[in-house]
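Residue numbers begin at 1 in each chain, while the letters A, B, ... track the order of the sequences.
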Amino acid sequence: MNPKTFALVDCNNFYASCEKLFRPDLSTKPVVVLSNNDGCVIARSKEAKALGIKMGVPLFQIRDLIEKHRIQMFSSNYALYADMSARVMQTLEQMAPAVEVYSIDEAFLDLTGIEASTNLTEFGQAVRQRIQQWVGLTVCVGIAPTKTLAKLANHAAKAWSKTGGVLDLSSQDRQRKLMALLPVNEVWGIGGKLTKRLEAMGIRTALQLADAPPKLIRQQFSLMAERTVQELNGESCLALEDMPATKKEIVSSRAFGERVTDKQQMLQAVAEYVHRACSKLRSEGCQAKQISVFIRTSPFSDHTKDPYYSNNRTAELTYPSDDTRDFLHVANRLLDQIWKDGYRYAKAGVMLSDFYTQGVHQQDLFASPDSIKGNSALMSLVDQINERQPNALFFGSKGTVQDWGMKREQLSPAYTTNWEQLPHAW
DNA sequence: TCTGGGGTCCTAGGACCC
DNA sequence: TCTGGGGTCCTAGGACCC
């Protein structure tokens, strides 16, 4: 097979950098971004990392550190991050023949063939400079013959500043030198559980994993683990996926700002999640046939005082739909089935699945005309209005006073997308 | 007191069929 | 007494990702 060339471009400290971009006064200060509900840390600036703040740590555990070092906190502001992400991706699309947007802050590029006419490191530097100049964010670039190695190269480009933020890992010699230095859990696809089991077999570094027999890894672990070994050896198993995959499920869920003990409030919350999930469904141009609802108390509290309960239930519609009202009705019934009085609920959510492309589903002979044409005109009007002014229109069941809603006490203004913070704009 | 949200893929095991 | 074997589909759960 012909050798491939991939690059992984990843923004440095993405959420924290987005916040800093609009607060030049904080450019050298420690900044953290908090999860929904201001619950835990999900992004840290370089300075915050240096202070020892770990990814995912609950906010209440680091209050002292925050105070002592005057760390600036922000509630997560996804409208801002999504907008900045789109600017980065647009820039990449102008520079590379094929781009796979892998997550909000990283993308794979297929650079196969360009090395004939272009120095790969220089290309990486050009990407870095242009994004810095056009968007104001710093990225690192890792280049290698497989996606898994490109991930490792990117990791190294971030970790070692002498790389200048770009590492070309085309040569096998350099691949092996780097892998010898990296613990196996740094490898893409090797998480906590696998790391433990690999270590028990004496495999501690990425290089030791690369040198393990693929068949043994397949037999002891899984197909995915075997592919990882092959990718570490320069054999490309994972292709660039430049067409966005069609979703297979849509989840809407939130931890509550305050515990919910009242069924009426829970009904409102679930209605809100149904509403959000169905909006997403329509924006994907899909219909769904299955819905499930889940509720749970906190898994972290002392269960002798605050007993644990978690449950979920799934139901199927007769026909696929994208109409919020169809799902609301079923969701209420599902909640009835799993609700138990006397618990302090911490979180709930809704999942839609079993998707059909609009118009493709085979209707049965006895379907009423109503169920076929649905009420798409009404639903798309609701979406259009809500796009201009979020939450302008909603269904009565979700209530108007939301005690359970999110805490977002440190929210930054919507610098680039002004709707949410301008209540009278519309 | 206080611990995110949204996804994907793989696998084992059961149901079902011939 | 002794109760097949293999294929497919579906689902729940595990593991991983950012």
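You'll find the side chain of Lys20(A) stays beyond 4.5 Å of the side chain of Phe74(A), heavy atoms only. Side-chain contact between Phe108(A) and Val99(A): absent, with no pair of heavy atoms (C-beta onward) separated by less than 4.5 Å. A 4.5 Å side-chain heavy-atom check between Phe22(A) and Met84(A) finds at least one atom pair inside the cut-off.
Both distances falling under 3.5 Å, in either a Watson-Crick or a G-U wobble arrangement, place dT11(B) opposite dA12(C).
The side chain of Lys151(A) contributes an N or O atom lying less than 4.0 Å from OP1 or OP2 of dC18(C). Regarding contacts with the backbone of dG6(B), a side-chain N or O of Ser253(A) is found under 4.0 angstrom from either OP1 or OP2. OP1 or OP2 of dG5(B) has at least one side-chain nitrogen or oxygen of Lys347(A) nearer than 4.0 Å. Between Lys247(A) and dG6(B), a side-chain N or O to OP1/OP2 separation shorter than 4.0 Å is absent.
The side chain of Lys193(A) approaches dA15(C) more closely than any other nucleotide in the set dG4(B), dC18(C), dA15(C). When each of dC17(C), dC10(B), dG5(B) is scored by its nearest atom to the side-chain atoms of Asn36(A), the top-ranked nucleotide is dG5(B). Checking dG5(B), dC18(C), dG4(B) against every side-chain atom of Asp105(A), the shortest atom distance belongs to dC18(C). Side chain of Ala255(A), nearest nucleotide from dT8(B), dG6(B), dG4(B): dG4(B). Nearest to the side-chain atoms of Val251(A) among the listed nucleotides dG4(B), dG6(B), dT3(B) stands dG6(B).
The residue Gly349(A) sits apart from the nucleic acid: no heavy atom pair falls under 4.0 Å. At the heavy-atom level, Arg227(A) lies under 4.0 Å from the strands shown only through sugar-phosphate atoms. Residue-level contact check: Leu194(A) touches the backbone only, with heavy atoms under 4.0 Å from sugar-phosphate atoms and none from bases. Nucleic acid contact class of Val41(A) (heavy atoms, under 4.0 Å, all strands): none. Across all strands, Asp38(A) comes closer than 4.0 Å to no nucleic acid atom at all (heavy-atom distances). Leu59(A) comes within contact range of no nucleotide atom at all, as no heavy-atom separation falls under 4.0 Å. At the heavy-atom level, Arg259(A) lies under 4.0 Å from the strands shown only through sugar-phosphate atoms. Within 4.0 Å of Ile250(A), counting heavy atoms only, lie sugar-phosphate atoms of the nucleic acid but no base atom. Within 4.0 Å of Glu106(A), counting heavy atoms only, lie sugar-phosphate atoms of the nucleic acid but no base atom. Within 4.0 Å (heavy atoms only), Ser298(A) reaches no atom of the nucleic acid at all.
The nearest heavy atom of DNA chain B to Ala245(A) and to Ala346(A) marks one nucleotide each, and the one closer to the 5' end goes with Ala346(A). Place Ser301(A) and Glu249(A) on DNA chain B by their nearest nucleotides, and Ser301(A) ends up nearer the 5' end.
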Discussion item. Working note: Trp339(A) + Tyr345(A), criterion ring pair (Phe, Tyr, Trp, His ring centres under 6.0 Å); need CA distance, chi angles, decisive distance, verdict.
Written reply: CA-CA 10 Å; Trp339(A) 173 266; Tyr345(A) 292 96; 4.7 Å; yes
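Aromatic ring centres of Tyr308(A) and Tyr343(A): separated by at least 6.0 Å.
The distance from atom CG of Asp302(A) to atom P of dT1(B) is 10 Å, rounded to the nearest whole Å. Spacing between atom OH of Tyr15(A) and atom C1' of dG5(B) amounts to 9 Å, rounded to whole angstrom units. Per the geometry, CE belonging to Met224(A) stands 18 Å off P belonging to dG7(B), to the nearest Å. Here the P atom of nucleotide dT3(B) and the CD atom of Glu258(A) are 12 Å apart, to the nearest Å. Between Lys280(A) atom NZ and dG5(B) atom P there is a gap of 11 Å when expressed in whole angstrom units. Per the geometry, CE belonging to Met73(A) stands 18 Å off P belonging to dC2(B), to the nearest Å. In this structure, CG of Asp10(A) is placed 9 Å from C1' of dC18(C), rounded to the nearest angstrom. In this entry the distance linking CG of Leu352(A) with P of dG6(B) reads 12 Å, nearest Å.
A donor-acceptor contact closer than 3.5 angstrom links the side chains of Ser321(A) and Asp326(A).
In this structure, Arg128(A) contributes its side chain and Val139(A) its backbone to a donor-acceptor pair below 3.5 Å.
Of the C1' atoms belonging to dG4(C) and dC17(B), the separation is 14 Å, rounded to the nearest Å.
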